[in-house]
Amino acid sequence: MTRKKRIVIALGGNALGNTLPEQMAAVKITSKAIVDLIEEGCEVVVTHGNGPQVGMVNNAMIALTHEDPKQPNTPLSVCVAMSQAYIGYDLQNALREELLNRGITNIPVATMITQVRVDENDPAFGAPSKPIGKFVTKEQAEKMEQDYGYIMKEDSGRGYRRVVASPKPVEIVEIGTIRTMVDSGDLVIACGGGGIPVTRQGNHLKGASAVIDKDFASCLLAKELDADYLIILTAVEKVAVNFGKPNEEWLSDLSVEKAQQYMAEGHFAPGSMLPKVQAAVDFASSKEGRTALITLLEKSKEGIQGKTGTRFHI
Ligand code: ADP
Ligand code: MG
């Protein structure tokens, strides 16, 4: 029997929405796209971002300290853990329902709370770059900088957002358990929000004040699971050069070499498209036969059939 195509599918912000009711509705659509791929005969592992959600959890925990001074600040690592559970719960619930609705009763769904080790000397700790939370105006951003000491940055022409440190993932702590579950045919949601960032101190794993980019964590997971595909689902159908300019050009097929040239020329915005392209290039160049794809959630089936999206190969 030929081995099923193994796909690590990374869900972007628009697959989850920005509020509790939005997420509840969004995961239903997301689950349909994922189960479509399972019906196509693929073995799927799900990862997801958490930018808006970790911002929301962080704000809620700050409000708690204002309400009750006995409550200390909640570390960002704990906020990431909370976001993994909150998103994982909605996703696993919706995926289970979608599978059952299609008569698929032999695929258990579970979320793995995942810690991802980062290097405490990663230069990213000194240069916050990862946008989290909601978009705000310039004036609101200035007030947040004053009130909370946040660092606020403009994000791809869509407004201002808080930025936090985003170190590179080095090791997925729970990889053994994830592999066992995936190998036994379970539908696993792992490395949510890029994973809970931790640094190693002997046997102790210490939570780090950071949010790992889910695109990099998904790439590491895909390599560790020896996946055939890394699919990064986002808000655009394809990757563009000269993005947003009159000479914008959407790309269908991209060699690793060409992608590296475009990266060097600065075509991809840091914190949004750049990490996706970097992750796609890293995965596609890591082993013969590995393909990365960047496309829209609604186009994932067509994407895997080779009909759309931006495809990265050696
Ligand atoms: P996600 O939540 O899926 O991680 P991001 O907002 O981080 O989404 O990144 C996707 C966004 O990157 C797109 O919606 C687009 O606005 C922006 N972007 C920046 N540069 C490019 C580019 N060269 N081609 C396509 N999209 C780009
Ligand atoms: Mg992103």
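By convention here, the first residue in the shown sequence is residue 1. All values reported here derive from a predicted model rather than from experimental measurement. First listed ligand is number 1; within each ligand, the first listed atom is number 1.
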Do any side-chain atoms of residues 11-20 form donor-acceptor pairs under 3.5 angstrom with protein atoms, and if so which ones, sequence neighbours left out?
residue: Asn14; atom: ND2; partner: Thr234; partner atom: O; Å: 3.4
residue: Thr19; atom: OG1; partner: Glu22; partner atom: N; Å: 3.2

Going by the angle between their ring planes, with limits at 30° and 60°, are Phe268 and Tyr262 parallel, tilted or perpendicular? perpendicular
In terms of side-chain heavy atoms, does Glu174 have a donor or acceptor partner in Thr177 at a distance below 3.5 Å? no
Can you establish whether the number of heavy atoms outside Arg179 located under 6.0 Å from its atom CZ is more than 12? yes
Element-labelled atoms of ligand 1 that are located less than 4.0 Å from some non-hydrogen atom of [X]:
| X | value |
| --- | --- |
| Arg158 | 6 (O), 14 (O) |
| Lys214 | 4 (O) |
| Lys276 | 1 (P), 3 (O), 4 (O), 7 (O), 8 (O), 9 (O), 10 (C) |
| Gly12 | 1 (P), 2 (O), 3 (O) |
| Phe268 | 23 (N) |
| Gly13 | 1 (P), 2 (O), 3 (O) |

Check: of Ala235, Pro275, Ser272, min heavy-atom distance to atom 11 (C) of ligand 1 comes from Ser272
Looking at non-hydrogen atoms alone, which of Thr234, Asp215, Thr310 comes nearest to atom 10 (C) of ligand 1? Thr234
Does the N or O separation between Phe243 and ligand 1 drop below 3.5 Å for any pair? no
For residues Glu237 and Thr295, report the shortest heavy-atom separation together with the two atoms involved. O-OG1, 3.0 Å
Closest non-hydrogen atoms of Lys32 and Arg102, given as atom of the first, atom of the second and distance, are O-NH2, 3.1 Å
Does Thr111 offer a backbone N or O that forms a donor-acceptor pair with the side chain of Gln92 under 3.5 Å? yes
